[in-house]
Student: 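Have a look at this one before I ask anything.
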Amino acid sequence: MSLPMTASPALNARVHEAKTSSTPIRYLCFGGFQLDTQRELLLKDGSKVRLPGKVFQTLVALLEKPGEVVTREALRERLWPEGTFVNYDANVNTTVNKLRLVLGDSPEQPAYIETIPRLGYCFVGSVERKNDLAKPVAQAVAAGKGDGAVLQSPVEAANGVALPTLNAAESAAVFWSSSRNKVWAGVVLLCGMLIGMGMVLLAHRV
């Protein structure tokens, strides 16, 4: 008579750990940002932040190895395939500077990306790996905020990239939200009234 075999707790723990480690992590979270590895986009509090492709790939490379040095050579190999003829050093510098601009980071006092002289770059911020977002952020994404509301990155603002055109009601709301515009509107209205009164007086004299 054979007895049923029962796996030891240690073996079960190792199996669970292996399954967990093989499961791909969807979100890499740091500061107020969430990087969605499945949809390949960057979120800030549930809203999409526009990133050029190579800037996004640079962020992914850094977040994959937080606290470790990602060499300039590794970034070149990742961003530009073999046989691509570009000024690699200048392009790596430009790409990292654009990423810092988007994150609001500074090379002098880095909160996220530190330059390692003559080697490369290191992500020094705290990174959380999650498969689910917190409820408020997840609800914002599910409600369409993550797909519809797009934050203009500082890179786009510096390059003069315009956001989608507002409709008439939105444009009016933006116009009247400015106190300066309200003053000018009052001046125009007063001028119109004075001109009208002048025309009436002129008509009576004639």
Side-chain angles (χ1 to χ4, degrees), residues 14 16-134 137-138 141 146-147 149-163:
R14 285 197 295 271
H16 175 73
E17 182 179 355
K19 288 182 178 179
T20 303
S21 61
S22 63
T23 304
I25 300 297
R26 176 167 182 178
Y27 297 104
L28 301 175
C29 305
F30 60 97
F33 297 93
Q34 305 86 34
L35 187 141
D36 188 336
T37 59
Q38 287 186 10
R39 297 167 63 193
E40 296 188 352
L41 56 85
L42 179 66
L43 305 169
K44 185 174 184 182
D45 300 324
S47 295
K48 286 193 296 185
V49 178
R50 285 177 172 155
L51 278 184
K54 295 191 185 304
V55 177
F56 178 84
Q57 288 301 322
T58 300
L59 178 58
V60 172
L62 292 167
L63 290 178
E64 286 176 348
K65 298 180 178 180
E68 300 181 29
V69 177
V70 178
T71 65
R72 297 172 65 85
E73 183 62 32
L75 287 177
R76 285 197 293 264
E77 292 176 356
R78 182 167 188 148
L79 300 179
W80 292 280
E82 187 177 355
T84 303
F85 300 100
V86 297
N87 186 335
Y88 294 114
D89 286 332
N91 278 277
V92 168
N93 291 340
T94 300
T95 302
V96 172
N97 287 337
K98 286 182 178 180
L99 178 56
R100 281 180 169 139
L101 190 62
V102 170
L103 302 180
D105 203 11
S106 165
E108 291 78 21
Q109 296 180 328
Y112 300 120
I113 304 169
E114 181 179 356
T115 299
I116 310 300
R118 297 182 296 279
L119 289 177
Y121 304 93
C122 176
F123 192 88
V124 295
S126 177
V127 181
E128 293 185 71
R129 300 170 182 269
K130 301 179 180 180
N131 280 319
D132 295 297
L133 293 177
V137 177
V141 176
D147 291 325
V150 180
L151 298 180
Q152 187 180 30
S153 73
V155 174
E156 293 177 316
N159 292 333
V161 178
L163 289 177

Student: So which heavy atom on Ile113 is nearest to which on Asp105, and how close?
Tutor: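 Between these two residues, the closest heavy atoms are N-OD2, 2.8 Å.
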Student: So, for Cys122 and Val69, which heavy atoms are closest and what is the spacing to 0.1 Å?
Tutor: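 Nearest pair, atom of Cys122 first, then Val69: CB-CA, 4.5 Å.
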Student: Under the side chain to side chain contact (heavy atoms under 4.5 Å, CB included) rule, collect the residues that match up with Glu128, sequence neighbours excluded.
Tutor: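 With sequence neighbours excluded, Glu128 shows a side chain to side chain contact (heavy atoms under 4.5 Å, CB included) to Cys29, Lys130, given in chain and number order.
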Student: Is Glu64 salt-bridged to Arg78, going by a charged N under 4.0 Å from an acidic O?
Tutor: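 Looking at Arg78 together with Glu64, the answer is yes, because their closest N to O distance falls below 4.0 Å.
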Student: Looking at every non-hydrogen atom in both residues, tell me the closest pair between Asn131 and Arg26 and how far apart they are.
Tutor: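 Closest approach of Asn131 to Arg26: OD1-N, 3.1 Å.
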Student: Under the side-chain hydrogen bond (donor to acceptor under 3.5 Å, both in side chains) rule, collect the residues that match up with Glu108, sequence neighbours excluded.
Tutor: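 Counting only residues at least two positions away or on another chain, Glu108 forms a side-chain hydrogen bond (donor to acceptor under 3.5 Å, both in side chains) with Ser106.
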Student: I would like to know whether Arg50 and Phe56 meet side-chain contact (heavy atoms from CB on, under 4.5 Å); could you show each step before the answer?
Tutor: CA-CA 9 Å; Arg50 285 177 172 155; Phe56 178 84; over 6 Å; no
Student: Can you give me the closest heavy-atom contact between Leu41 and Leu43, atom names plus distance?
Tutor: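 It is CD1-CD2, 3.1 Å.
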Student: Taking the six-membered ring for Trp, are Phe30 and Tyr112 parallel (under 30°), tilted (30 to 60°) or perpendicular (over 60°)?
Tutor: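 Because their plane-to-plane angle is over 60°, the rings of Phe30 and Tyr112 count as perpendicular.
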Student: Mind running side chain to side chain donor-acceptor pair (under 3.5 Å) on Thr115 and Arg100 for me, showing each step along the way?
Tutor: CA-CA 11 Å; Thr115 299; Arg100 281 180 169 139; 2.7 Å; yes
Student: With side chains defined as the heavy atoms from C-beta onward, is the minimum distance between Phe33 and Leu42 less than 4.5 Å?
Tutor: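 With C-beta onward as the side chain, the pair touches.
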Student: Out of curiosity, Arg129 CZ to Leu63 CG, how far, rounded to the nearest 0.5 Å?
Tutor: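 Answer rounded to 0.5 Å: 8.0 Å.
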Student: Taking atom CD of Gln34 and atom OH of Tyr27, what is their separation to the nearest 0.5 Å?
Tutor: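 Gln34 atom CD to Tyr27 atom OH measures 9.0 Å (nearest 0.5 Å).
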Student: Would you say Arg72's side chain and Asp89's backbone share a donor-acceptor pair under 3.5 angstrom?
Tutor: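 The answer is yes, because a donor-acceptor pair under 3.5 Å joins these two groups.
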Student: Any heavy-atom pair between the side chains of Leu28 and Asp36 that's under 4.5 Å?
Tutor: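 They are not in contact (no side-chain heavy atoms under 4.5 Å apart), so the answer is no.
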Student: Between atom OG1 of Thr71 and atom CG of Leu75, what is the distance when rounded to the nearest 0.5 Å?
Tutor: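 The distance works out to 6.5 Å.
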Student: So do Val92 and Tyr121 actually touch side chain to side chain, heavy atoms under 4.5 Å?
Tutor: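 A side-chain contact exists here, since the closest heavy-atom pair is under 4.5 Å.
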Student: Please round to the nearest 0.5 Å and tell me the distance separating atom CG of Leu59 and atom CD of Gln57.
Tutor: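 Output value for this atom pair is 9.5 Å.
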Student: Quick check for you: to the nearest 0.5 Å, what is the distance between Leu51 atom CG and Thr58 atom OG1?
Tutor: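 The distance works out to 9.5 Å.
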